[in-house]
Number of protein chains: 2
Amino acid sequence: MGKGLETRERILAIAEASVLAKGFGATSIDEVIAEAGITKSGFFYHFRDKNELARAMLLRYVEANDQLFDEVFGRGRELADDPLQAFLIGLKLLAEVMADLPSGHPGCLIASVCYQERLFDREVRTIAANSVQGWNARFRATLDEIAAVHAPREPVDLDTVADMMSCIVDGGIIMAKLMDDPRRLERQVLAFRSFVKMLFAPSEAVRPARAATA
Amino acid sequence: MGKGLETRERILAIAEASVLAKGFGATSIDEVIAEAGITKSGFFYHFRDKNELARAMLLRYVEANDQLFDEVFGRGRELADDPLQAFLIGLKLLAEVMADLPSGHPGCLIASVCYQERLFDREVRTIAANSVQGWNARFRATLDEIAAVHAPREPVDLDTVADMMSCIVDGGIIMAKLMDDPRRLERQVLAFRSFVKMLFAPSEAVRPARAATA
DNA sequence: GCAAATACTGTACCTGCGGTACGGTTTTTG
DNA sequence: CAAAAACCGTACCGCAGGTACAGTATTTGC
């Protein structure tokens, strides 16, 4: 764990914040190195060019998100045996994490890349696409487990529901940033949770009274 | 309708495409004027600076979207008396419009602005926020009409459901662009439609058989 | 049909940034 | 203590945003 990696990490964190606030094209290397307390030469020692910076940023972002998902949905599985309940708990935890971010979610790097695709080489775009595809596959697998136990109320495509998770989060982030109200993101995640609950939970019209509320 | 407005419109269309593909910061005036077939002086005759260009682009985008929503949901109201059915028809039409775009949805300018906020003055950000707030208010009003007739199955906040509409579309656009598959956006809109349907439509468990499928 | 807006063109210039090149220096590490 | 790693300094190129301003073509109202 040399000092080099530490500097590299600092550069990536600063660059990520800048990209999420101004976009990749408008993120100036000069500003990044000024904030990181290094020189331009130092920067180019770590990254060959801006595209390599983008690649490293994306990989860092994806890894952090993977870890977060592992954490909340793993915890869900620890707390409930039923796959539906486990997923609902995970979503609740995820919503809480989103709400607890000090100054709101800083933004989704994937979305940022998506809205500036022409700035990146194919590799960067491939990383972005594959990452989201990975998350969708993960949720799809979870939904399969759920559907094996609870029959869905509406005939919806589970791939689409899995996609919806990512869509809601990305859309919620935009909404929260736009309105300067972090709770909007939390509410969107919880709304998606309601959707899943409604889709798979036994109808309250059939079994009223004390339905599961987890 | 002078020739000036025509040139102005051409500039705006070209700039919008560029901004959605590369971001505002990376959109060069030189490229825009080259494609528009005018000179730099000509550009600055129409727009004082890049920020004024951004303002005009946003207003143009918002107006076009307003028109689209008027169209599809107005048509929905023409085809059905029940507010729920009218909304569901509107959503179906919207999904069709999204799917029929020749090379997929080009992107949401609002989202683009949101991910490059630091590049714009407060006015631009205000326009973006107000526009989305306007759309949310519109959908909220529609949901109120629906809720007055059909009791929602789950106790969800209607403001959040209204927000969800914008979130799904923005998220769906990102997903579609990322995966290079326009149908993902269509499917997300239809999934939201299923959500609304499930939320307000009478339970099929209670009234099975020939439930409305519009 | 003519004057006055309108809608531009052309040229020249300043600033700042992304990026390259490369030699030198400090710091860390085996 | 030597070699590798992690930087610093400087000088330079080309492009882009933006300003300034004088001149010209085109449209429009009367």
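Being a predicted model, the structure only gives us computed values, none of them experimental. Just so you know, these numbers use all the heavy atoms, side chains as well, and skip hydrogens, waters and symmetry mates. Every chain is numbered from 1, with letters handed out A, B, ... down the list of sequences.
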Colleague: Quickly work out the A/Tyr45 OH to C/dT26 P distance and round it to whole Å.
Modeller: 17 Å

Colleague: Checking A/Arg10 side chain against A/Ala36 main chain: does a donor-acceptor pair fall under 3.5 Å?
Modeller: yes

Colleague: Any donor-acceptor pair, under 3.5 Å, between the side chain of A/Lys40 and the base of C/dG19, if you only look at N and O atoms?
Modeller: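 Side chain to base: pair present.
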
Colleague: Take the protein atom CZ of A/Phe44 and the nucleotide atom P of C/dG23, then report the distance between them rounded to whole Å.
Modeller: 18 Å

Colleague: Does A/Glu52 pair with A/Arg55 as a salt bridge, N-O distance under 4.0 Å?
Modeller: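 A/Arg55 and A/Glu52: not salt-bridged.
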
Colleague: Under 4.0 Å from any atom of DNA chain C, heavy atoms only: list the residues of residues 47-61 of chain A that qualify, in numerical order.
Modeller: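 Correct list: A/Arg48, A/Lys50.
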
Colleague: Hey, does the side chain of A/Lys177 reach the backbone of A/Pro106 with a donor-acceptor pair shorter than 3.5 angstrom?
Modeller: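 The answer is yes, because a donor-acceptor pair under 3.5 Å joins these two groups.
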
Colleague: Fit a plane to each ring of A/Phe24 and A/Phe120, take the angle between them on a 0 to 90° scale, and name the class: parallel (under 30°), tilted (30 to 60°) or perpendicular (over 60°).
Modeller: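 Rings of A/Phe24 and A/Phe120: tilted, as their planes differ by 30° to 60°.
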
Colleague: Are the side chain of A/Lys50 and the backbone N or O of A/Thr27 linked by a donor-acceptor pair below 3.5 Å?
Modeller: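 Side chain of A/Lys50 to backbone of A/Thr27, a donor-acceptor pair under 3.5 Å: yes, one is there.
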
Colleague: Could you tell me how far apart A/Glu6 (CD) and D/dA5 (P) are, to the nearest whole angstrom?
Modeller: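 Spelled out: CD on A/Glu6 to P on D/dA5 is 18 Å.
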
Colleague: Measure the acute angle between the ring planes of A/Phe87 and A/Phe192, then classify it against the limits of 30° and 60° as parallel, tilted or perpendicular.
Modeller: perpendicular

Colleague: Output yes when B/Arg60 and B/Glu63 qualify as a salt bridge under the 4.0 Å nitrogen-oxygen rule, no when they do not.
Modeller: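 Not counted as a salt bridge, because no side-chain N and carboxylate O are separated by less than 4.0 Å.
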
Colleague: Mark up nucleotides 21-26 of chain D, 5' to 3', with B wherever a protein heavy atom is under 4.0 angstrom from a base atom, S wherever such an atom reaches only the sugar-phosphate, and - elsewhere.
Modeller: ------

Colleague: Just to be sure I understand the geometry, which residues of residues 21-30 of chain B put a non-hydrogen atom under 4.0 Å away from DNA chain D?
Modeller: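 Correct list: B/Thr27, B/Ser28, B/Ile29, B/Asp30.
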
Colleague: Just the rounded figure in Å: distance from P of C/dA7 to CG of B/Leu5.
Modeller: 7 Å

Colleague: Would a 4.5 Å heavy-atom cut-off, applied to side chains only, mark A/Trp135 and A/Asp66 as touching?
Modeller: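 Side-chain contact under 4.5 Å: yes.
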
Colleague: Consider side-chain hydrogen bond (donor to acceptor under 3.5 Å, both in side chains). Of B/Asp163, B/Thr160, B/Asp159, which one does B/Arg140 pass it with?
Modeller: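 Only one of B/Asp163, B/Thr160, B/Asp159 forms a side-chain hydrogen bond (donor to acceptor under 3.5 Å, both in side chains) with B/Arg140, namely B/Asp159.
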
Colleague: Atom NE2 of A/His46 and atom P of D/dA5: how far apart are they, to the nearest Å?
Modeller: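 Answer to the nearest Å: 13 Å.
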
Colleague: For the pair made of CD1 in A/Ile38 and P in D/dG9, what is the distance, rounded to whole Å?
Modeller: 12 Å

Colleague: Quick one: are B/Phe195 and A/Val156 in side-chain contact, heavy atoms under 4.5 Å?
Modeller: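 The answer is no; the side chains never approach within 4.5 Å.
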
Colleague: Give a yes or no answer on whether the side chain of A/Ser18 reaches the backbone of A/Ile14 with a donor-acceptor pair at less than 3.5 Å.
Modeller: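 Checked: no pair found.
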
